[in-house]
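Letters A, B, ... are given to chains in the order of the sequence lines, protein chains preceding strands, and every chain is numbered from 1.
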There are 2 protein chains.
Amino acid sequence: MPVNRKASGKRAVVIKALAHSSRLLIAEALMEGEMCVCDLRDLVGADMSTVSKHLSLMREAGVLSCEKRGLNIYYRLACDCLGDFLRCVDQIAPGKKCAAKSCC
Amino acid sequence: MPVNRKASGKRAVVIKALAHSSRLLIAEALMEGEMCVCDLRDLVGADMSTVSKHLSLMREAGVLSCEKRGLNIYYRLACDCLGDFLRCVDQIAPGKKCAAKSCC
DNA sequence: CATCTATTTGGCTAAATGACCAAATAGATG
DNA sequence: CATCTATTTGGTCATTTAGCCAAATAGATG
């Protein structure tokens with residue numbers, strides 16, 4: 001595994017695309033299958049324009065792809081590894097231990 | 001996989017802890033083994049206080065743990081699944097396709 | 001106990017991000 | 001071709017985040 005800035009930066013773009021609770025909520029929902037923007041707006045409960053910007057960001061990071069059919073644009077996960085990704089995240093239980101300096 | 005806000009928020013905290021190129025660089029370096037703060041400062045090339053704040057954030061998110069030995073504090077990964085996590089990230093190649101609206 | 005060293009904390013400023021509204025666009029439909 | 005609908009884009013404002021410096025702290029060492 002390389003320790004260099006350029007690679008980390010590239011990876012960070014992808015990770016950032018999932019590092020927001022609304023965006024993560026979207027990604028989790030899309031694990032069940034594609035959804036159109038208006039469905040995702042209902043899910044997230046924010047302004048359509050806000051949701052659209054989240055989707056663009058995720059699309060540009062490579063996390064999502066989309067396709068227009070009829071009046072709607074359907075978004076889906078671009079990669080099926082999200083489950084593995086989240087399994088790791090869930091192992092990292094938000095920290096009881098070492099949360100204060102007292103532990104060190 | 002649940003689609004609910006509270007769980008997503010918890011996960012997002014962990015993901016955010018890795019969603020910054022300096023912090024990711026730190027995590028990648030720690031895959032090779034523990035390091036003290038001053039080594040990490042050299043790695044990142046930022047002010048010690050800046051690095052220390054990154055480390056606190058990662059520690060509070062549960063990503064890192066630390067231990068004092070002698071004069072130094074050594075940080076290490078709290079979870080060994082980071083490789084799996086990054087394998088997924090690397091699958092999501094920052095997006096050639098669908099980067100502009102033309103694709104939809 | 002005085003001092004020295006590694007690290008953290010507080011304060012501040014600059015930059016990035018997220019939210020909403022209003023306006024623009026693209027494509028479907030009458 | 002005029003209109004309607006779903007989505008995106010641009011603008012603006014408020015909040016959060018990241019960085020540095022200076023000062024505080026904790027623990028090791030003389």
Under the disulfide (SG to SG under 2.5 Å) criterion, do A:Cys79 and B:Cys88 qualify, and how do the steps go?
CA-CA 8 Å; A:Cys79 179; B:Cys88 173; 4.8 Å; no
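Put simply, B:Tyr75 has a side-chain N or O that comes within less than 4.0 Å of OP1 or OP2 on C:dT8. Phosphate proximity of C:dT7 to B:Asn72: present, with a side-chain N or O under 4.0 Å from OP1 or OP2.
Nucleotide C:dT13 forms a Watson-Crick or G-U wobble pair with D:dA18, both donor-acceptor distances falling under 3.5 Å. Using N1 to N3 plus N6-O4 or O6-N4 for Watson-Crick, or N1-O2 and O6-N3 for G-U wobble, each under 3.5 Å, C:dA6 pairs with D:dT25. Across all strands shown, the partner of D:dG30 is C:dC1, judged by Watson-Crick or G-U wobble contacts whose two distances both fall under 3.5 Å.
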Enumerate the protein-to-nucleotides 28-30 of chain C contacts in which both atoms are nitrogen or oxygen and the separation is below 3.5 Å.
none

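In this structure, B:Leu18 and B:Leu82 have side chains that are in contact, with non-hydrogen atoms separated by less than 4.5 Å. Between A:Ile73 and A:Glu67, every side-chain heavy-atom pair lies at or beyond the 4.5 Å cut-off. Residues B:Arg59 and B:Ser56 have side chains in contact (heavy-atom distance under 4.5 Å, counting atoms from C-beta outward). The shortest distance between side-chain heavy atoms of A:Glu34 and A:Tyr75 does not fall below 4.5 Å.
When the P atom of C:dA6 is taken as reference, atom CZ of B:Arg69 falls 16 Å away, rounded to whole Å. Following rounding to the nearest Å, A:Arg41 (CZ) and D:dT8 (P) show an atom-to-atom distance of 12 Å. Atom C1' of nucleotide D:dT9 and atom CE of A:Met48 are separated by 13 Å, given to the nearest angstrom. Protein atom CD of A:Glu34 is 12 Å distant from nucleotide atom P of D:dT7, rounded to whole Å. In this structure, CD of B:Glu67 is placed 14 Å from P of C:dT7, rounded to the nearest angstrom. The distance from atom CE of A:Met58 to atom P of D:dT7 is 16 Å, rounded to the nearest whole Å. With rounding to whole Å, B:Leu55 atom CG is found 11 Å from C:dT9 atom P. Whole-Å rounding puts the A:Leu24 CG to C:dT17 C1' distance at 17 Å.
Nearest to the side-chain atoms of B:Ser49 among the listed nucleotides C:dG10, D:dT7, D:dT9 stands C:dG10.
The pair A:Glu28-A:Arg23 does not count as a salt bridge, with every side-chain nitrogen at least 4.0 angstrom from each carboxylate oxygen. Classification of B:Arg76 and B:Glu32 as a salt-bridged pair fails, no side-chain N sitting under 4.0 Å from a carboxylate O. Contact check on A:Asp84 versus B:Arg87 returns no salt bridge, with no Lys/Arg side-chain nitrogen under 4.0 Å from an Asp/Glu carboxylate oxygen.
Remark: the backbone N or O of B:Ala46 is not paired with any side-chain donor or acceptor of B:Thr50 at under 3.5 angstrom.
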Sugar-phosphate or base contact per nucleotide [nucleotides 12-19 of chain D; S, B, -; heavy atom under 4.0 Å]
------SB
